[in-house]
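Heads up, the thing below is written out as structure tokens.
These numbers were taken from a predicted model, which means no experiment stands behind them.
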Amino acid sequence: MRQFVTRFRPFFLYAGLFSFFINLLLLVPSLYMLQVFDRVIPSRSDETLVVLTIGSLVCLLIMMVLDLLRARLLTSAGVALDRKLGPQVLSGLLSNARRPGASDYSLGLRDVNTLRTFLTGTGIFSLFDAPWLPVYLVVIALFHPVLGIVALIGALLLLSLGYLNEKLTRKSLEGLQSEGRKAGRFIDQTVRNAEVVNALGMVGNVTRKWEGLNRSVLGLQISTSQLAGMVSGITKFMRQFVQVAMLGTGAYLVIDLHVTAGVMMASTILLGRALAPVETAIAGWKSLVDARSAYNRLDRLLAENPNESPATELPTPAGDLVVDKVVFAIRGQERPILRGVSFQIKAGESLGIIGPSASGKSTLARLMVGIWKPASGVVRLDGADVATWPREHLGPHMGYLPQDVELFSGTVSDNIARMGAVDSDAVIAAAHRANAHEMILRLAKGYDTDVGDAGNTLSGGQRQRLALARALYGNPRLLVLDEPNANLDGEGEEALMRTIRDIRVDGVTVIVITHRPSLLANIDKVLVMREGQVEMFGPRAEVIAKVTRGATPANTPTLVGGQTAPRAEG
């Protein structure tokens, strides 16, 4: 974040320069009143009054223009910051979300909006104007030392209230933000799972859960508002009291002929102007705390996900895959999910990964495509570490079909083209390779059919077949399929098997994770996973023979849903 702030430093420097002249020109009303009371009224000079009035009007017009320019400059800074920061924050959010157990910054773009709102609002003006308080105090002291002392005491009291406001409300405001974000995430999750919530009669339970979360938000809201209201009320009282004290002190000095009436009025107005930014800052303290918290969260997010420096673009991989002693664990869990997994397949070979649930198959798939990074060990594609290979370079050479299929709002073509510019020939070629072309043509508008929010207008099988076409878009050299037939009917599974057979002929390295032995018919090698370790690895016929060979019941692993196969000794 410091780099972004440095980049926009000219905006703030010019805003500070404008603030310098604005605050100088704000002295004009006080000086005007001083001259009117001390010179114009005693001399009864109309000409002097006209000249002073015109001069003051010109100065105030200049101040208005500078104030408008400052506001426009800070608004431009906020918009420019949003445009520069937003894409990197979104990239950081996506990178952070792919790491299990990582800190939650799911509302990072809202934090960008908070910063932009603060920069384009009126709260930031008080930060530019408040440093002028000492200057105003010095000017008042030049009128008379006693007036300067009264003004200094009033300013110290108001600043003390600002400090007290920070101490009293900071934790409450940060807690309110945290609880509000937690309640918001729960609502987002509930809406995404609305189908299950309604089908299983969970509406009441979900509502009560949200009410519990919202109750804590409301409690913090009440306590925070009460504290802020109390401090704000005291601040308003204190400011008015200080002005009354200043006016009373000035009147006393006028009675004793120490100062003129013009000095009394000018110093009172000047003190009110000096204290106004402090009062504004206290009144808008919540926006300041929100902006500061947003800044800190974004700073941590960007520090955890720095921009990848331009790297030498490696050639198109052939597909040689090496998994070397890979260990992976989720933060906060003692037992690793994967423990020393090692194997190797050559370019153009195919591998089937089987094993019981929770044996680490899907985790291994994420490591092979570089979504997650192992705690130790390495996954190499053509000798390069896939976890450090820049995603924009590796992505076009990689095909991945996750177990939980998600589509994006848009057309069928948009999704197959990976939400990039649609190359119609490449989209149709990918659909043909996935044997999904005819299925797509049967949709209402073919390739131009809108799939709806997350593909909700399509069936599970249709989504899975479109996701397979997306994985095959752009001629990838490594294809990882995690349970690719989980939602397919007979026609879809037959199309999937043809696809696997055809892309093997094209020399693509194929890895299939499955519970169904039928998908292993055209596979070269099989790897059996159990409890995060490789139990067996080798040619398909050899491994299948071992897992189907008779063994003791205690050593019988579950390989497919509802089926068991005896575990080979050794």
Measuring from atom [atom1] of [X] to atom [atom2] of [Y], what distance do you get when rounded to the nearest 0.5 angstrom?
X      : Y      : atom1 : atom2 : result
Asp382 : Trp389 : CG    : CH2   : 6.0 Å
Asp502 : Met497 : CG    : CE    : 12.0 Å
Leu351 : Lys525 : CG    : NZ    : 8.5 Å
Ile523 : Arg540 : CD1   : CZ    : 8.5 Å
Leu321 : Leu381 : CG    : CG    : 6.5 Å
His437 : Tyr447 : NE2   : OH    : 4.5 Å

Taking all atoms of both residues into account, what is the closest heavy-atom pair of [X] and [Y], and its distance?
X      : Y      : answer
Pro476 : Ala471 : CG-O, 3.3 Å
Lys361 : Pro356 : NZ-O, 3.0 Å
Leu367 : Pro374 : CD2-N, 3.7 Å
Gly461 : Leu488 : O-CD2, 3.8 Å
Ile440 : Ala431 : CD1-CB, 3.8 Å
Ala495 : Arg465 : CB-NH2, 3.6 Å

Is a side-chain donor or acceptor of [X] paired with a backbone partner of [Y] at a separation under 3.5 angstrom?
X      : Y      : result
Asp489 : Gly492 : yes
Arg470 : Ala417 : no
Arg339 : Val534 : no
Glu349 : Lys346 : yes
Thr457 : Val451 : yes
Gln464 : Asn487 : yes
Gln462 : Ser459 : yes
Lys325 : Val378 : no
Arg418 : Gly395 : yes
Thr449 : Val412 : no

Original post:
Just by distance, with hydrogens left out, do Ser362 and Asp482 show a side-chain donor and acceptor under 3.5 Å apart?
Top reply: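 The criterion, which ignores hydrogens and geometry beyond distance, is satisfied for Asp482 and Ser362.
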Subject >> Donor + acceptor pair across side chains of Thr411, Asp450 (<3.5 Å) >> reply: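 Distance-only check fails for Thr411 and Asp450.
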Flag the pair [X] / [Y] as yes when at least one side-chain heavy-atom distance between them is below 4.5 Å, and no otherwise.
X      : Y      : result
Phe11  : Ser76  : yes
Phe186 : Val206 : yes
Phe408 : Asp414 : no
Val217 : Leu213 : no

Original post:
Can you name the one residue among Ile353, Ile513, Leu468 that meets side-chain contact (heavy atoms from CB on, under 4.5 Å) with Leu481?
Top reply: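 The option that passes is Leu468.
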Original post:
With Thr363, which of Val341, Ile330, Leu338, Val326 fulfils side-chain contact (heavy atoms from CB on, under 4.5 Å)?
Top reply: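 With Thr363 as partner, side-chain contact (heavy atoms from CB on, under 4.5 Å) holds for just one option, Leu338.
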Original post:
Could you walk me through whether Val427 and Tyr473 pass the side-chain contact (heavy atoms from CB on, under 4.5 Å) check?
Top reply: CA-CA 7 Å; Val427 167; Tyr473 180 79; 3.8 Å; yes
**OP:** Go through the steps for Met536 and Val547 under the test side-chain contact (heavy atoms from CB on, under 4.5 Å), then give the verdict.
**Re:** CA-CA 9 Å; Met536 280 183 282; Val547 298; 3.0 Å; yes
Original post:
In terms of side-chain geometry, is the basic nitrogen of Arg335 or Glu531 positioned less than 4.0 Å from the acidic oxygen of its partner?
Top reply: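 The answer is yes: the pair qualifies as a salt bridge.
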Original post:
If you measure from the Lys or Arg side-chain nitrogens to the Asp or Glu carboxylate oxygens, is any gap between Arg442 and Glu491 under 4.0 Å?
Top reply: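 Yes, this pair counts.
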Original post:
Would one find more than 12 heavy atoms of other residues, nucleotides or ligands at under 6.0 Å from atom CD of Glu211?
Top reply: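 More than 12 within 6.0 Å, yes.
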Subject >> Over 12 non-hydrogen atoms of neighbours within 6.0 angstrom of CZ in Arg72 >> reply: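 No - once you tally the heavy atoms of other residues, nucleotides and ligands closer than 6.0 Å, there are 12 at most.
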**OP:** Just jot down the side chain to side chain donor-acceptor pair (under 3.5 Å) partners of Asp320, sequence neighbours excluded, or say none.
**Re:**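 Side chain to side chain donor-acceptor pair (under 3.5 Å) check on Asp320 returns nothing, list empty.
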Distance-only donor-acceptor hits, side chain of residues 503-512, under 3.5 Å, sequence neighbours excluded:
unit_1, atom_1, unit_2, atom_2, d
Arg504, NE, Ser350, OG, 3.0
Arg504, NE, Asn522, O, 3.1
Arg504, NH1, Asn522, O, 2.8
Arg504, NH2, Asp524, OD1, 2.6
Arg504, NH2, Asp524, OD2, 3.3
Asp506, OD2, Arg433, NH2, 3.4
Thr509, OG1, Gly319, O, 2.8
Thr509, OG1, Gly348, N, 3.1

**OP:** Decide side-chain contact (heavy atoms from CB on, under 4.5 Å) for Val379 and Val369; before the verdict, give the C-alpha distance in whole Å, the side-chain angles of both, and the deciding distance to 0.1 Å.
**Re:** CA-CA 9 Å; Val379 178; Val369 297; over 6 Å; no
Original post:
For Tyr400 and Leu478, what are the C-alpha separation, side-chain angles and deciding distance, and is it a side-chain contact (heavy atoms from CB on, under 4.5 Å)?
Top reply: CA-CA 8 Å; Tyr400 176 53; Leu478 173 64; over 6 Å; no
